[in-house]
*Asks:* 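So that we are looking at the same thing, I have put the structure below in structure tokens.
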Amino acid sequence: MTDKAERKSAAGWRLENSYARLPEVLHARATPVPVARPGVALFNEKLAVELGLDPGALSGESGAEIFAGNRLPDGAEPIAQAYAGHQFGHFTNLGDGRAILLGEQVTPDGAQFDLQLKGAGRTPYSRRGDGRAALGPMLREYVISEAMHALGIPTTRSLAVATTGEEVMREALLPGAVLTRIASSHIRVGTFEYAAALGDRALLESLVDYTLRRHYADFLEAENKALALLEGVIERQARLVARWAGVGFVHGVMNTDNMALSGETIDYGPCAFLDAYDPATVFSSIDRGGRYAFGNQPSVAHWNLARLAEALVPLLHKDQAKAVEMAEAALARFPERFAYFYAGVLRAKLGLCHEEEGDFVLAQEFLQSMQASGADFTKAFDDLTRSVESGKLTALSSQGVSGGQPWQAKWRARLGHQQAEKAEVRALMRSANPVVVPRNHRVEEALAAAEDGDFTVMHRLLAVLARPFDEGPENEAYRVGPMAGGEPYRTFCGT
Ligand code: AMP
Ligand code: MG
């Protein structure tokens, strides 16, 4: 750690700038552009404490100035990161066009987290963009990323949303905002694609070393570091996408620049949660071909990992044919690894404590009956969880689900194969079946009120989403899906 990082500031900033020390082609100096009237819309006190920050010193005006980018925290060395990416299958050079990395906060227990301002003004990579962000999408990222964290799914987090007192021009003039994003890092598949495209082997090597140090320290001594990294990322992505499937999360824009090597969910744009279960579900208005549909997420992740593997080929082996063979062998394991994690997710959702042949088919039958009846994904599994002890489950309906009597009998028979007490089964199911997720209509309702200056709806929603497995009365009203017969939910890229 540098001397500078050891000097802790009054607010608790303890910033390192390790990414800024990487070769210069990977980043560019970019200072946040001050805004007219900084204010704080949301501030995550609990996360601040986890980061070793003093919430008292960051609430009010001084916090607003920092979170809006008008004043830099002690030790910040602001940069924009360079990266490329395949967007809807097409390679493009990108880079942070509206996000600025201030440094890496070192927490009291020594962990290191990127501190990034999203919407902080133009950078050398902005192209024609204004470098700004609108309030609605930044609040949305805050709500959904924090909800994902509470659901136990690896994700970037949100420390604050600052208002700017300025407007941004989108389809209309909208209030501007800056999100303070916390991430294990912002190293993306696209970061490696960018380095590989430069054809600079030493650059690629330093990026591999850096990524291993930050996320896969156990592999630093590996004989083949690039291969160890590739295998590590494949493992984490297989697990991540299986976890998404378990809660009905649709990322919406799984471009390779939106896939983090840390294994965290990153870049909450047009994402949304399933109401009715249907693998073909797409929310994003720009995803016309359904490339990023709910059920396609595992194969898209696999495709993205192939782009990472290609970028790493020069380091895998000095004989290119051999290197390609190694990359293919590593990639070939993805479907099996995903199936392994997904089977675990489904078993927990059904309360199955051990593995038996036929478990996957049992789960598939439940999902298929849900799809056929238009049942709500979250509510169906919640109802199933509650039925373990009561034995009561209502018939197939558009809101809840039974899977039908024959299926229930099969499921109960399967539960009978295990020694576990009902309470144990129920606890396992509850750990995998949330009572509440950020339902689209609830998120929209909170955003609409917030945009009118009323944050009470948002705070109530955030409190409920912070305890998604609670069966308490405060969660009751958030269990139900939207009224049937409404328009299908649509999301927009939110830039
Ligand atoms: P995203 O869709 O947010 O993943 O962004 C894709 C790319 O477009 C990234 O390089 C962003 O930095 C850039 N970008 C998105 N919105 C803006 C904006 N308003 N100004 C400048 N660059 C942007
Ligand atoms: Mg992105």
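Counting convention: from 1, in listed order, for ligands and their atoms alike. Starting from 1, each residue takes its place in the sequence as its number.
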*Asks:* Is any side-chain heavy atom of Phe492 closer than 4.5 Å to one of Pro270?
*Replies:* no
*Asks:* Between Asp257 and Arg307, is there a side-chain N and carboxylate O pair less than 4.0 Å apart?
*Replies:* no
*Asks:* Which atoms of ligand 1 have any heavy atom of Asn258 under 4.0 Å away?
*Replies:* 4 (O)
*Asks:* Considering only heavy atoms, which of Ala99, Gly97, Gly95, Ala80 lies nearest to atom 10 (O) of ligand 1?
*Replies:* Gly95
*Asks:* Looking at side-chain heavy atoms only, is the closest gap between Leu94 and Gln87 below 4.5 Å?
*Replies:* yes
*Asks:* Tell me which one of Gln87, Arg98, Arg170 gets a heavy atom nearest to atom 17 (C) of ligand 1.
*Replies:* Arg98
*Asks:* Less than 3.5 Å between some nitrogen or oxygen of Asp130 and one of ligand 1, yes or no?
*Replies:* yes
*Asks:* Where the side chain of Glu77 meets the backbone of Arg21, is there a donor-acceptor pair that is under 3.5 Å apart?
*Replies:* no
*Asks:* Could you list the atoms of ligand 1 found under 4.0 angstrom from a heavy atom of Asp267?
*Replies:* 4 (O)
*Asks:* Describe, in one word, how the ring planes of Tyr489 and Phe283 are oriented to each other, choosing from parallel (under 30°), tilted (30 to 60°) and perpendicular (over 60°).
*Replies:* perpendicular
*Asks:* Any idea how Phe273 and Phe249 line up, ring-wise: parallel (<30°), tilted (30 to 60°), or perpendicular (>60°)?
*Replies:* perpendicular
*Asks:* For Gly269 and ligand 1, answer yes if some heavy atom of the residue is under 4.0 Å from a ligand atom, otherwise no.
*Replies:* no
*Asks:* Give the atom numbers and elements of ligand 1 that come within less than 4.0 Å of a heavy atom of Tyr83.
*Replies:* 9 (C), 10 (O)
*Asks:* Before moving on, can you tell me the angle at the Mg ion (ligand 2) between the OD2 atom of Asp267 and the OD1 atom of Asn258, to the nearest 10 degrees?
*Replies:* 70°
*Asks:* Where the side chain of Glu445 meets the backbone of Val457, is there a donor-acceptor pair that is under 3.5 Å apart?
*Replies:* no
*Asks:* Need the ligand 1 atom indices (1-based, order shown) with element for anything under 4.0 Å from a heavy-atom of Leu94.
*Replies:* 7 (C), 10 (O)
*Asks:* Is the number of heavy atoms from other residues, nucleotides or ligands within 6.0 Å of OH (Tyr340) greater than 12?
*Replies:* no
*Asks:* Using distance alone, decide if ligand 1 has a nitrogen or oxygen within less than 3.5 Å of any nitrogen or oxygen in Asp96.
*Replies:* no
*Asks:* Under 4.0 Å from a heavy atom of Gly129: which atoms of ligand 1 are those, numbered in the order shown and with their elements?
*Replies:* 20 (N), 21 (C)
